[in-house]
Amino acid sequence: MAGKLKVLLDCDPGHDDAFAIIVASKFAEILGVTTVAGNAPLDLTTKNARVVLDICGASSVQLHSGASRPLVAEPIHAAYIHGESGMDGANFAAPSRPADSSDAVHFIIETVRANPGVWLVPTGPLTNIALALRVAPDLVENISGISLMGGGRFGNRTAMAEFNIWCDPEAASAVFDSGAKIVMSGLHLTHQIMATPARIEMVRNAHSVVGPKLAGLLEFFSKMYKSLHDDFEGAPLHDVCAVLALTHPQFFGSSERHVAVEIDGAITRGMTVIDYRHVVSRAKANTTVLETIDADAAFGAIVEAIRACPER
Ligand code: BDR
Ligand code: CA
């Protein structure tokens, strides 16, 4: 494992979370996976994470479930995109192992303190991360940063709010204001990497066992996206970007910006307000906002990670 970046994944699988875990298992050292309610209720996102760890032969990686609801907002899930299971579209074997605990927050705190320099990679609502930073503010000094999928120049759940931020705006606000270095994969980035029909075939052919199942996930995900949009070729693989931003930074273009989360606005609650102004009085940048991705190269890395899954 020497040389691989250490990451803690906090996720709500979720089709695209599943691909993020698979990519991290190939190109990073996963110190643990924590789950949060988001795309589906917590019991389902946790079950899905257990399934995905089996797929990529990472069943010995620690897995802890965490927050079953946002800090303040009412819990709302995303069956309209991910199906009732949170990962509809393929039949997977029952997971081989249970979660190690339901105390994700303390697992995050202890793991960061034992592994200074680790990256946090949240790809769901930021509830667990905000709670960990609240209990242990020293984490900010001990992590390399937080590479998250969320926000963007426009929204998907509302005109201005992206789902992960919109689910728990208070948590997201605390994370962006924490002083940690943030790398943000927002919608204006992630919509550049779509699961087109040709790419879904690449996934199908990448692995004799899991390839067809992962292709099934992408077909379902894409069908849902296409039914809800008038101009999409397939589903965006949002969450993979938060992992690739660390393992393959050469795929990305970025800019340094100040980002804050709107928690009050009647029609903008959950918006990431990115300061693109040139005025010298603008707030100091707290976020590397990823702006562009080489989608073909990124998809090549995804396929390489799928090829590395064990034959079972
Ligand atoms: C985000 O919301 C979820 O549907 C996806 O898993 C991704 O993390 C995109 O808005
Ligand atoms: Ca997600």
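Everything quoted here is computed from the prediction, not taken from an experiment. Counting convention: from 1, in listed order, for ligands and their atoms alike.
Against a heavy-atom cut-off of under 4.0 Å, N164 is close to the following atoms of ligand 1: 1 (C), 2 (O), 7 (C), 8 (O). For ligand 1, the atoms lying closer than 4.0 Å to a non-hydrogen atom of F163 are 2 (O), 3 (C), 10 (O). Counting the atoms of ligand 1 from 1 in the order shown, those under 4.0 Å from a heavy atom of D17 are 6 (O). Residue-ligand proximity, T123 to ligand 1, at heavy-atom distances under 4.0 Å covers atoms 8 (O). Those atoms of ligand 1 with a heavy atom of M149 less than 4.0 angstrom away are 1 (C), 7 (C), 8 (O), 9 (C).
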**Request:** Check step by step if ring pair (Phe, Tyr, Trp, His ring centres under 6.0 Å) holds for Y225 and H15.
**Result:** CA-CA 12 Å; Y225 259 92; H15 297 73; 9.5 Å; no
**Item:** Steps toward side-chain hydrogen bond (donor to acceptor under 3.5 Å, both in side chains) verdict (S208, E311)
**Value:** CA-CA 8 Å; S208 61; E311 294 284 345; 3.0 Å; yes
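Checked by distance only, ligand 1 and H238 stay at 3.5 Å or farther apart across all their nitrogen or oxygen atoms. Between H82 and ligand 1, an N or O atom pair is found at a separation short of 3.5 Å.
Between the side chain of K4 and the main chain of K26, a donor-acceptor pair closer than 3.5 Å is present. At least one donor-acceptor pair closer than 3.5 Å links the side chain of D168 to the backbone N or O of L71.
The Ca ion (ligand 2) lies at 3.0 Å or more from every N, O or S atom belonging to M149. Residue contacts to the Ca ion (ligand 2): D12 brings an N, O or S atom closer than 3.0 Å.
Note on E219 versus K226: no salt bridge recorded, every NZ/NE/NH1/NH2 to OD/OE distance being 4.0 Å or above.
With 3.5 Å as the limit, one finds a donor-acceptor pair spanning the side chains of S255 and E291. There is a side-chain donor-acceptor pair under 3.5 Å between E256 and T288.
Of all heavy-atom pairs between L290 and L189, the closest is O-CB, 3.7 Å. L244 approaches A301 most closely through the heavy-atom pair CD2-CB, 4.0 Å. What you find for R199 and A295 is that their closest heavy atoms are NH2-CB, 3.5 Å.
When only non-hydrogen protein atoms are considered, atom 3 (C) of ligand 1 lies nearest to N39 OD1, 3.1 Å. For atom 8 (O) of ligand 1, the nearest protein heavy atom (residue, atom name, distance) is D239 OD1, 2.6 Å. In terms of protein heavy-atom proximity, atom 9 (C) of ligand 1 is closest to E162 OE2, 3.2 Å. Among all protein heavy atoms, the one lying closest to atom 6 (O) of ligand 1 is D16 OD1, 2.6 Å.
Here the angle centred on the Ca ion (ligand 2), running from O of T123 over to OD2 of D239, is 90°, rounded to 10°.
Contacts between T190 and ligand 1 below 4.0 angstrom, taking non-hydrogen atoms only, are absent altogether. Of all the heavy atoms of I81, none lies under 4.0 Å from any atom of ligand 1, so neither backbone nor side chain is involved.
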